[in-house]
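Working notes, structure below.
Everything numeric here is computed off the predicted structure, so don't read it as measured data.
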Amino acid sequence: MREDIVTVVVREFEPERDKEAVEVLEKTCEVGPSGKMSLFTDLLGDPLCRVRHSPSFFMLVAETCGPLSQIVGVVRGCIKTVTCGKKPHRSPSGAKQYTPIYTKLAYLLGLRVSPAYRRMGIGLTLVQKMEEWFRSKGAEYSYIATDSDNEASISLFTLRSGYTKFRTPSILVHPVFAHRFPLHHRTVRLLRLSPSDAELLYRRRLSTTEFFPRDIGSILHNPLSLGTYLALPSDYPWTGLDSFLAEPPASWAVLSVWNCKALFRLEVRGAGKWRRWLSKATRAIDKALPCLRIPSVPDVFRPFGMYLMYGIEGEGKEAAEMVRVLCRQVHNLAREGGCAAVAAEVAAEEPLRKGIPYWRRMSCAEDLWCVKRLAEEYSDGAVGDWTKAAPGKSIFVDPREF
C-alpha cells in the first residue's frame with residue numbers, strides 16, 4: 001500500500017465503538033520472530049487497563065478514512081505528579097534534611113501500528129498528538145519505556161521525537177514454584193502494615209526518591225495493592241509505626257505487592273516441545289515431592305498471571321537478607337493467587353537488588369527509559385532540566401504503569 005494514498009485520522013478512543021478493532025490490532029502487532037520464543041500480552045478485554053488507575057489518562061487511535069475504514073494504530077498516555085529531585089533545608093535542631101521537588105510527569109505507552117501501515121509516519125503522528133494532550137494538561141516531562149534492543153522504538157523516540165536515554169532499570173522475574181517457601185526465620189519477623197501506615201512510612205522514607213508518586217496513598221488503598229509487608233529483627237519490640245519511625249532497628253526492609261494478574265495475562269509462545277516437556281516434568285516432581293523444594297518451571301506457555309513487588313526499601317547491613325525473606329512471602333502469596341511469576345523493577349545501582357531472587361532467562365537486565373522535556377519553564381529552579389540529572393541509586397516504580 002502506497003503512503004501517498006493513505007489518509008489517517010487520529011482521534012480519541014471510544015470504548016463501545018473501538019474495543020474489538022483495537023483487540024484485533026493488538027493481536028496483529030504481537031507477532032514474534034520466527035523460530036524464537038516471544039512474550040505476548042492479553043489485556044483481558046480492557047484496552048485501558050494499564051492506564052485507567054492513574055490520576056489522568058487518555059488513549060488515541062489512528063483510523064484510515066473511507067468506506068472500509070479500520071483502526072491501524074493506538075497509543076495510551078497517563079499523567080501524575082512525581083519526585084524529580086530534592087532540595088536541602090535545616091530542621092529546627094539544625095540537622096540537614098531534604099524535601100522533594102515535584103513535577104508533572106506524563107507516561108506514553110502501548111504504541112502499536114499495524115504491520116501493513118508502518119513506515120508511513122503513523123507512529124510519529126500518534127506520539128505527537130499524545131504529547132499535545134500532555135501539554136494541555138500541564139505535563140512538564142514525558143517518558144517512555146522500551147526494550148534496550150528495540151531499535152525501531154528507540155529510533156522513533158530518540159531520533160524523531162526528541163527523547164533522550166535517561167534510566168536503565170532492571171526487571172527481575174522469579175518463577176512461582178509448586179512448593180511453598182518456609183517463612184519461619186530465626187532472626188527476622190514479618191508484619192503487615194495498614195495502607196495508612198504504609199503511606200506514612202513511604203512518605204517519610206521514599207518521598208525524595210526519583211519517580212516517587214505524590215498520590216502514593218491512592219496506590220496503597222487501591223484494591224489491586226495486596227498489602228505492604230515490613231521485615232524486622234525478631235527481637236525488635238514493635239509498639240507501632242510511630243515508635244518505629246522514631247527509633248528504627250539497625251536493619252529493616254519493606255515492600256508492597258500489586259496484583260497484575262487482575263489486569264493482564266502473559267504468555268510465552270514459540271517454545272519447542274522439549275522445553276514444554278521439561279518444564280512440565282519439573283512441576284510434576286515438585287508437586288509430588290514438595291519437601292525437596294525443586295526449582296520447578298511454571299506453565300508460562302499458557303496465559304499466566306503475575307504479582308509485582310514495588311516500594312522496596314530498607315537500611316542496615318541485614319536489609320538485603322530481609323528483602324529476600326519478604327520475597328519469599330510474596331512468592332507464597334502469588335502461589336495462593338494462582339500466579340506463575342513474581343517481578344520487581346529496580347534501578348541499576350539499587351543496593352537492595354542483591355536480596356531479590358530472580359531467574360536471568362526470565363528477566364530483563366536493561367529496560368530503557370527515555371525522557372523529554374515538554375514545558376518551556378521548570379517547576380523548580382533547584383532541579384533545572386531533569387533530563388540532564390544524574391541517576392540516583394534508587395527509583396520508585398509505579399505499579400500502575402508496569
Side-chain angles (χ1 to χ4, degrees), residues 13-34 36-54 57 59-61 70-78 107-115 126 144-147 150 153 171 173-176 222-226 257-272 275-276 279-280 283 297-310 333-345 359 361-364 367 397-402:
F13 168 73
E14 299 177 22
E16 295 297 326
R17 172 183 174 185
D18 302 329
K19 178 181 173 182
E20 291 185 5
V22 168
E23 289 180 348
V24 171
L25 172 65
E26 296 274 3
K27 292 179 180 179
T28 301
C29 293
E30 289 198 334
V31 177
S34 177
K36 296 183 179 180
M37 290 193 298
S38 301
L39 187 64
F40 292 78
T41 305
D42 181 358
L43 301 181
L44 304 180
D46 182 8
L48 290 167
C49 69
R50 293 187 61 202
V51 294
R52 71 166 59 256
H53 294 278
S54 295
F57 60 90
M59 181 171 172
L60 293 170
V61 298
Q70 61 177 310
I71 291 177
V72 297
V74 298
V75 69
R76 293 117 171 142
C78 54
Y107 180 42
L108 190 152
L109 70 158
L111 176 63
R112 300 284 189 273
V113 177
S114 172
L126 284 166
I144 64 100
T146 187
D147 293 336
N150 189 337
S153 177
I171 300 176
V173 182
H174 191 280
V176 173
N222 190 302
L224 293 173
S225 192
L226 301 179
V257 188
W258 185 263
N259 183 9
C260 295
K261 181 185 177 185
L263 297 176
F264 59 84
R265 305 291 169 85
L266 302 172
E267 180 183 358
V268 176
R269 297 179 185 174
R275 195 182 297 271
R276 293 171 179 267
S279 65
K280 186 175 182 180
R283 292 194 304 275
V297 180
D299 187 2
V300 295
F301 309 112
R302 293 187 296 177
F304 67 90
M306 177 178 65
Y307 284 173
L308 174 71
M309 301 180 291
Y310 71 98
L333 290 174
R335 178 178 176 274
E336 294 169 4
C339 293
V342 294
E345 187 164 14
W359 281 18
R361 292 183 64 87
M362 297 181 70
S363 303
C364 173
D367 189 31
V397 175
D398 192 327
R400 298 171 296 190
E401 299 173 356
F402 183 77

| side chain to side chain contact (heavy atoms under 4.5 Å, CB included) between D18 and I71: does it pass, once the steps are laid out? | CA-CA 8 Å; D18 302 329; I71 291 177; 3.7 Å; yes

| request: Verify side chain to side chain contact (heavy atoms under 4.5 Å, CB included) between W258 and L263, making sure each step is shown before the conclusion. | output: CA-CA 10 Å; W258 185 263; L263 297 176; 3.9 Å; yes

| task | Mind running side chain to side chain contact (heavy atoms under 4.5 Å, CB included) on E401 and L109 for me, showing each step along the way? | result | CA-CA 9 Å; E401 299 173 356; L109 70 158; 5.8 Å; no

| task | Report the C-alpha separation of M59 and V51 in whole Å, then their side-chain angles, then the decisive distance to 0.1 Å, and conclude whether the side chain to side chain contact (heavy atoms under 4.5 Å, CB included) test is met. | result | CA-CA 9 Å; M59 181 171 172; V51 294; 6.0 Å; no

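When all heavy atoms of S363 and V173 are compared, the closest pair comes out as OG-N, 2.9 Å. The two residues R112 and L126 make their nearest non-hydrogen contact at O-CD1, 4.3 Å. Shown here for L108 and I144, the closest heavy-atom pair between the two residues is O-CG2, 3.5 Å. Nearest heavy-atom pair across A145 and D367 is CB-OD2, 4.1 Å. Taking both residues in full, the closest heavy atoms of R276 and S279 are given as O-OG, 2.9 Å, listed atom of the first, atom of the second, then distance. Taking all atoms of both residues into account, the shortest heavy-atom contact from L44 to D42 is N-OD1, 2.9 Å.
When side chains are defined from C-beta on, V74 counts as touching E26, because their heavy atoms get closer than 4.5 Å. No side-chain heavy atom of R265 sits less than 4.5 Å from a side-chain heavy atom of F304. Considering only heavy atoms from C-beta on, C260 comes within 4.5 Å of F402 through its side chain. K280 is not listed as a side-chain neighbour of F301, based on a closest heavy-atom distance of 4.5 Å or more. Q70 places none of its side-chain heavy atoms less than 4.5 Å from the side chain of V24.
Here the CE atom belonging to M362 is positioned 9.0 Å from the CG atom belonging to L39, to the nearest 0.5 angstrom. To the nearest 0.5 angstrom, C364 atom SG is 5.5 Å from D147 atom CG. Here the CD atom belonging to E23 is positioned 8.0 Å from the CG atom belonging to L43, to the nearest 0.5 angstrom. Atom OG1 of residue T41 and atom CZ of residue R50 lie 7.5 Å apart, to the nearest 0.5 angstrom. Taking CG of L224 as the reference point, atom NE2 of H53 lies at 4.5 Å (rounded to 0.5 Å). Taking CG of D398 as the start and OH of Y107 as the end, the distance is 10.0 Å to the nearest 0.5 Å.
The main-chain N or O of G45 is found under 3.5 Å from a side-chain atom of K19 such that the two form a donor-acceptor pair. For the pair R76 (side chain) and G110 (backbone), a donor-acceptor distance under 3.5 Å is present.
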Could you tabulate the donor-acceptor pairs under 3.5 Å formed by side-chain atoms of residues 335-343, not counting sequence neighbours?
unit_1	atom_1	unit_2	atom_2	d
R335	NE	A178	O	2.7
R335	NH2	A178	O	3.0
E336	OE2	R180	NH1	2.8

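Applying the side chain to side chain donor-acceptor pair (under 3.5 Å) criterion to N259, with sequence neighbours excluded, gives no partner residue.
Remark: E267 engages R269 in a salt bridge, criterion side-chain N to carboxylate O under 4.0 Å.
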